[in-house]
> 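My structure is below; once you've seen it, I'll send some questions.
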Amino acid sequence: MNSRSAAIVARARKVMPGGVSSPVRAFGGVGGDPFVVARGEGARIWDVDDNEYIDFVLSWGPLILGHAAPAVLDALDETMRRGTSFGITTELEVDLAELITERLPHVEMVRFVSSGTEATMSALRLARAATGRDAFLKFDGCYHGHADSFLVRAGSGVATLGLPNSPGVPESLAALTRVAPFNDASAVRAIAREQPLAAIIVEPLVGNAGFIAPDPGFLQSLRDIATETGALLIFDEVMTGFRIAPGGARERYGVTADLTTLGKVIGGGLPLAAYGGRRDLMEMIAPQGSVYQAGTLSGNPLAMAAGLATLRALTPVLHARIEARTARLVAGLVASAATHDVPFTASHAGSMFGFFFQREPVRDFASAKGSDVTLFKRFFHEARARGVYIAPSPFEAAFMSAAHGDAEIDAAIERLDDAMRAARA
Ligand SMILES: *Cc1c(COP(=O)(O)O)cnc(C)c1O
């Protein structure tokens, strides 16, 4: 099976660590060999052995219009013929910055970068500069890219001092990273009162520890604690931005962050991310201010063109349509789990969804880890064998695109029902 994929993976492992350019692609979370992708169109991808999959990973979130969306391809085609990079401002950057600041009114100014990692790293630098404080708080299980300060998780139980979870991260730096359980405002309050924090950074809806929604009032509590203690509130919306609502977390939850990081959807499948927020803060960024941050390919015209085409297509009506289809798929999964007596909990927000193989609702990373990982692995492989691709890890969110029509949703519900039956057997 997958002979061409297997041959390419074998070559890849000799010249690339783990055979991949980013760890989760190696399928370590589910076992078995990863496939090598050949092409994508709409809701589907094909591997190099010509197996077809309905794709709910969508490049880990960016492709909200689906693969090879004509609007994006046309914009890229037109833009690339005028040159692919200049390292000088283009009008496309200004267009996209205006569009983002219009749709997200709390983002008064924006700086473009090339990855979510750069966006969060730079937002944290800005928060440290603006507050004159070094320590900050993140949540257990939240992923903010791979910059040193963020590669820290909590020890067991409640908040602990940071310990690095990758070799190479200096302990002295990790010690400035405080960690609290998601949805635990009192732990946050205790830490913020004990130590002056530059920032509280949070995925307003967690997508990197599985899909975990904030309890009502939790984000408002973070807002209040930040304001009371002089910390900045950073919403890391690299995954949720233009996904969970047209106006992101602010629209969905009614809470406004000081700084916001964006990525994934805003690049429409090209390397693009951004950070932005209050004008007085963003004016501290060089060259207007003294907080240094730069990038050779930042504001790349192809990325701008793909982002603009994507965001222009993404009307509130389209958002609502994708959300309705997401709800229908999630309802189908829940019904299948009930039929086959599988322990299961699932939910969605906008066009993002997630599920855990356990009966209790998940509120934080600790409870997420209580789900049945063995059952997930079997489900992943049964789904793959039936032509449905979900993330190869039990702790990732899933995504829907505008290209997933009713026919794809029906097919996915049917195949995943059978996959659940087989995984349970
Ligand atoms: C994907 C992601 C990042 C990192 O973005 P990259 O472009 O992979 O560097 C940061 N924060 C969140 C919430 C993400 O989902």
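Atoms within each ligand, like the ligands themselves, are counted from 1 in listed order. Along the sequence shown, residues carry numbers from 1.
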> Ligand 1 versus N208, non-hydrogen atoms closer than 4.0 Å: side chain, backbone, both, neither?
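The answer is the side chain of N208.
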
> Looking at N51, V57, D55, which hits side-chain contact (heavy atoms from CB on, under 4.5 Å) with Y53?
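Filter result, single survivor: N51.
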
> Taking atom 8 (O) of ligand 1 as the reference point, report whether a protein heavy atom occurs under 4.0 Å from it.
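When distances to the protein are checked, atom 8 (O) of ligand 1 has no heavy atom within 4.0 Å.
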
> May I ask you to decide whether R193 forms a salt bridge with E228, counting only side-chain N to carboxylate O separations under 4.0 Å?
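So R193 pairs with E228 through a salt bridge.
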
> Inspect the contact between E323 and R252 and indicate whether a charged nitrogen and a carboxylate oxygen are less than 4.0 angstrom apart.
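Answer for the salt bridge query: yes.
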
> Who are the side-chain hydrogen bond (donor to acceptor under 3.5 Å, both in side chains) partners of D134, not counting sequence neighbours?
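Scan of D134 (side-chain hydrogen bond (donor to acceptor under 3.5 Å, both in side chains), adjacent residues dropped) gives none.
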
> Note the single closest protein heavy atom to atom 11 (N) of ligand 1, along with its residue, its atom name and the distance in Å.
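Protein heavy atom at minimum distance: D236 OD2, 2.7 Å.
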
> So, is T120 polar-close to ligand 1, with some N/O to N/O distance under 3.5 Å?
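No, since none of the N or O atoms of T120 sits under 3.5 Å from an N or O of ligand 1.
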
> Side chain or backbone, does V238 bring an N or O within less than 3.5 Å of an N or O on ligand 1?
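Between V238 and ligand 1, no N or O pair is found under 3.5 Å apart.
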
> Nearest to atom 6 (P) of ligand 1, what protein heavy atom do you find, and at what distance?
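Looking only at protein heavy atoms, the one closest to atom 6 (P) of ligand 1 is G116 N, 3.4 Å.
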
> Hey, is ligand 1 close enough to T117 that some N/O pair sits below 3.5 Å?
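N/O-N/O distance under 3.5 Å: yes.
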
> Would E203 count as being in polar contact with ligand 1, using the rule that some N or O on each side must be under 3.5 angstrom apart?
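Not met; the criterion fails.
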
> Looking at D33 and R13, does any basic side-chain N land under 4.0 Å from a carboxylate oxygen?
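So D33 pairs with R13 through a salt bridge.
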
> Identify whether NZ of Lys or CZ of Arg in K138 sits under 6.0 Å from the centre of the six-membered ring of F136 and within 45° of that ring's axis.
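That pair does not qualify as a cation-pi contact.
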
> Does S186 have any side-chain hydrogen bond (donor to acceptor under 3.5 Å, both in side chains) partners at least two apart in sequence or in another chain, and if so, which?
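With neighbours one apart ignored, the set is D184.
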
> Of the side chain and backbone of K264, name the one, both, or neither that has a heavy atom under 4.0 Å from an atom of ligand 1.
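Under 4.0 Å from ligand 1, K264 contributes side-chain atoms alone.
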
